[in-house]
Each structure stands twice: as structure tokens, then as C-alpha cells.
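Here's the structure, in C-alpha cells; my notes come after.
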Amino acid sequence: MSLDARERLIVALDVPSTAEAEALVARLGESVKFYKIGYQLAFAGGLSLASALITAGKQIFLDLKLHDIGNTVVKGVESIAQLGATFLTVHAYPQTMKAAVEGRRASKLRLLAVTVLTSYDDADLAAAGYELNVKELAAARAEQARDIGVDGLVCSAEEVTNLRKIVGRSMVLVTPGIRPAGSAQGDQKRIMTPTQAITAGADYLVVGRPVVEARDPKAAADAIVIEIEQATKS
Ligand code: C5P
């Protein structure tokens, strides 16, 4: 993947208001080109902010994890494609993924499938009525995502090596749970440093708290970009 290191860092705008998000984006300036907007901000004016950021030349990952009847997903994805977002997450159910592929058509929107939520373990899947364990279900859904024409997967850095074997180079792998050496782990259970994740084969890194809560967010972002650059070269 011939991406510039700075384009591979996606900062999660996990803040409660557009005012806070705008202040953070202003502080980060040219250091960050790609932002993720999830439930918290999306439902607090974040979609208008997404449009404004796209107009200002930033790339946007809408982490909305869509899942509904096919017709509703097609229409929803059509609207999101018009917004000009770069990435959108959907749950990796075959019907949902097929509808999302139909809705994005020839737009530049790229779809990322969430195979199994990282907060789920085997017991949670059993309680939800699944017979497969997390590893089996994630692998089965990755194969389905590939066959349906989804563009990428969100996965932990630990899963990258296995998933790459299934999806090859045709899909992008986007990994949260990134912690630069020495930063707080927070509630993430399986973490990797930027170097480890890039070396494992991740295409994009999603980083929230290590940048958002840093005393100097711009310096934190620049340090991660340097780490990505060095890991790419080595
Ligand atoms: O603050 P932190 O770096 O842990 O933020 C990671 C971001 O990635 C959050 O927005 C979180 O919701 C998201 N995410 C995740 N694990 C997943 C999918 C998304 O941590 N499996």
C-alpha cells in the first residue's frame, strides 16, 4: 500500500460536542488528515461537522456500524455516500453488507465490515444464540465480506495476520486498540503499538485517547506518524 504515513493515522473524535471537536481539529491542524466520527459525536451534530471537515479537505470515517433491513441500509448508505465520507462501518451480516455495497455504488465511499465486536467473547456469542466461537465467526464473516465486495475490515491488530490470509491485499485492514509505548491502556484489552500494528500489516490505525487526551495532541499525533513512517521503512 503506497499511502503516505500521515494518511494512515485516523484520529477518533470521541468528544461530546462539535465545539470540542472543532477545537481539537484546529489544534491538530495539518498533523491529522483523517478523522473518525462515532455514535457520540454523530448524534450531537457530528454529521454536519463531517461535511464541513470534508469541505476543508479532511477525510472522514463514519463509524456508524449500520445494520437493518436491506432496503433501509441501501438508502442510508446512499445518503452517506453523498456526504463525501471515505469510510463507513456496517455489521458483517451478509444481507447488510450486500445492501451497503448496492448503496455505495460508484461513489468514493469505502465500506468497512465489523466482523465480531471486540467486547464479545465466546460466552457472549453463545448467549446471543451463535454456535461458532469468536475466531470462527470472525473468519467466516471476513470471507463473506470479501466475496460480497466490501472494501475492508475493522479488526484488532492481533487479528491482522490471520485476516490478511483470508482477504489478501484486496481489502484494507483498519485497527483500533493502538497505544504508543508508555501511554495509558484505558479499557482496551488487546493493544499494540503503532510499530507492531504496521509491521503486522495494518493499513490504517485508529487512535483516540492517546491523541485526544494528550497534553499536546499535535505532538502526540506527529510522534505516531513518525512511528508509522519508520515501521513502514523497516
Ligand atoms: O481511545 P481509543 O484509542 O481506545 O479509541 C479507539 C476508537 O476505536 C474508539 O472510537 C472506539 O470506539 C473504536 N473501536 C474500538 N474497537 C473496535 C472498534 C472501534 O476501539 N473494535
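Numbering of ligands and ligand atoms starts at 1, following listing order. The first residue of the sequence shown is numbered 1, and numbering continues consecutively from there.
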Legend entry - Numbered atoms of ligand 1 (with element) below 4.0 Å of Asp14, judged on heavy atoms: 9 (C), 10 (O)

Inset, instruction - Record the part of Pro210 in heavy-atom contact with ligand 1 below 4.0 Å; permitted values are side chain, backbone, both and neither. - result: side chain

Legend entry - Thr96 side chain to His67 side chain, donor-acceptor N/O pair below 3.5 angstrom: yes

Legend entry - Enumerated ligand 1 atoms positioned under 4.0 Å from heavy atoms of Ala12: 10 (O)

Legend entry - Closest protein heavy atom (residue, atom, distance) for atom 20 (O) of ligand 1: Gln188 NE2, 2.8 Å

Legend entry - Identity and separation of the nearest protein heavy atom to atom 2 (P) of ligand 1: Arg179 NH2, 3.4 Å

Inset, instruction - Tell me, please: is Glu213 in heavy-atom contact with ligand 1, that is, under 4.0 Å? - result: no

Legend entry - Closest approach of any protein heavy atom to atom 12 (O) of ligand 1, naming residue and atom: Lys36 NZ, 4.0 Å

Inset, instruction - Pick, from Gly38, Pro176, Ala184, Gly177, the option with the minimum heavy-atom distance to atom 19 (C) of ligand 1. - result: Pro176

Inset, instruction - Rounded to the nearest 0.5 Å, what's the gap from CG on Leu47 to CG on Leu62? Could you check? - result: 6.0 Å

Inset, instruction - May I ask you to list the atoms of ligand 1 that are less than 4.0 angstrom from any heavy atom of Arg209? - result: 1 (O), 2 (P), 3 (O), 4 (O)

Legend entry - Leu163 side, atom CG; Ile166 side, atom CD1 - distance, nearest 0.5 Å: 5.5 Å

Legend entry - Phe87/Tyr204 aromatic ring centres below 6.0 Å: yes

Legend entry - Contact atoms of ligand 1, heavy-atom distance to Gly208 under 4.0 Å: 1 (O), 2 (P), 3 (O), 5 (O)

Inset, instruction - Report the relative orientation of the aromatic rings in Phe43 and Tyr39; use parallel for angles under 30°, tilted for 30 to 60°, perpendicular for over 60°. - result: tilted

Legend entry - Atoms of ligand 1, numbered as shown, that sit under 4.0 Å from any heavy atom of Thr118: 16 (N), 17 (C), 21 (N)

Inset, instruction - Test Leu153 against every option in Val174, Val167, Leu112 by the side-chain contact (heavy atoms from CB on, under 4.5 Å) rule and name the one that passes. - result: Val167

Legend entry - salt bridge (charged side-chain N to carboxylate O under 4.0 Å, His left out) partners of Arg164, counting only residues at least two apart: Asp203

Legend entry - Residues Arg209, Asp187: salt bridge by 4.0 Å N-O rule: yes

